[in-house]
Participant: 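My structure is below; once you've seen it, I'll send some questions.
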Amino acid sequence: MSTVETVRFKLAPGTDAEEFARLDEKVETGYMAKRPGFLSREVTRSEEGEFLVIVHWATPEDADATMRGFFGAPETQDFLAAIDKSTVVSGRYARLS
């Protein structure tokens with residue numbers, strides 16, 4: 001059964017949304033998409049400036065393995081610096097069908 005992860009957050013003060021879009025693309029293609037079990041990733045933004053990232057994984061173990069390395073990976077550091085960490089809320093769900 002596949003796993004769906006969600007992360008909601010706002011950008012760090014002073015972070016430009018267009019620059020963040022480039023950082024986000026770099027994280028997706030340079031890190032996430034290369035991880036075992038990665039299926040897809042969607043990034044959305046509300047009118048209030050909150051981002052919602054939805055990532056589909058083949059298994060919970062694939063998601064866990066990727067997240068264990070995410071915060072220390074060189075490919076993710078600029079992306080992480082652009083996020084207001086006090087606003088981060090994450091969740092994990094099992095796909096029903």
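Position 1 is the first residue of the sequence, and the numbers go up from there.
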Participant: Which residues end up grouped with Leu23 if you chain together Ile, Leu, Val, Met, Phe, Trp and Tyr wherever their side-chain heavy atoms are less than 4.5 Å apart?
Facilitator: none
Participant: Same cluster or not: Tyr93 versus Leu52, using hydrophobic residues (I, L, V, M, F, W, Y) connected whenever any side-chain heavy atoms lie under 4.5 Å apart?
Facilitator: yes
Participant: In the single-linkage hydrophobic clustering (I, L, V, M, F, W, Y; side-chain heavy atoms under 4.5 Å), do Val88 and Val27 co-cluster?
Facilitator: yes
Participant: Rounded at 0.5 Å granularity, tell me how far CD in Glu28 sits from CZ in Arg41.
Facilitator: 5.0 Å
Participant: Between atom CG of Asp24 and atom OG1 of Thr29, what is the distance when rounded to the nearest 0.5 Å?
Facilitator: 9.5 Å
Participant: Give me the atom names and distance for the closest heavy-atom approach of Ala81 to Ala12.
Facilitator: O-CB, 4.0 Å
Participant: Which residue is it: Val53, Val7, Val55? I am looking for the one with a side-chain contact (heavy atoms from CB on, under 4.5 Å) to Val43.
Facilitator: Val53
Participant: Identify the heavy atoms of Thr87 and Asp84 that sit nearest to each other, and give their distance.
Facilitator: OG1-O, 2.7 Å
Participant: Side chains of residues 60-73: which donor-acceptor partners sit under 3.5 Å, not counting sequence neighbours?
Facilitator:
residue : atom : partner : partner atom : Å
Glu61   : OE1  : Thr59   : OG1          : 3.4
Asp62   : OD2  : Thr59   : N            : 3.4
Asp62   : OD2  : Thr59   : OG1          : 3.0
Asp64   : OD1  : Arg92   : NH1          : 2.8
Asp64   : OD1  : Arg92   : NH2          : 2.8
Thr66   : OG1  : Asp62   : O            : 3.2

Participant: Quick one: NZ on Lys26 to CZ on Phe79, what's the gap to the nearest 0.5 Å?
Facilitator: 12.5 Å
Participant: Indicate, with yes or no, if Val4 and Trp57 share a hydrophobic cluster defined by side-chain heavy-atom contacts under 4.5 Å among Ile, Leu, Val, Met, Phe, Trp and Tyr.
Facilitator: no
Participant: Among Glu18, Glu25, Glu19, find the one that has a side-chain hydrogen bond (donor to acceptor under 3.5 Å, both in side chains) with Arg22.
Facilitator: Glu19
Participant: Any chance you could measure Glu75, atom CD, to Leu80, atom CG, to the nearest 0.5 Å?
Facilitator: 11.0 Å
Participant: Closest heavy-atom contact between Arg45 and Ala17?
Facilitator: NH1-CB, 3.3 Å
Participant: First locate atom CG of Leu39, then atom CZ of Arg95, and finally report the distance between them rounded to the nearest 0.5 Å.
Facilitator: 9.0 Å
Participant: Looking at the rings of Phe20 and Phe51, which for Trp means the six-membered one, are their centres under 6.0 Å apart?
Facilitator: yes
Participant: Under 4.5 Å between side-chain heavy atoms, hopping through other hydrophobics if needed: is there a path connecting Phe9 to Ile54?
Facilitator: no
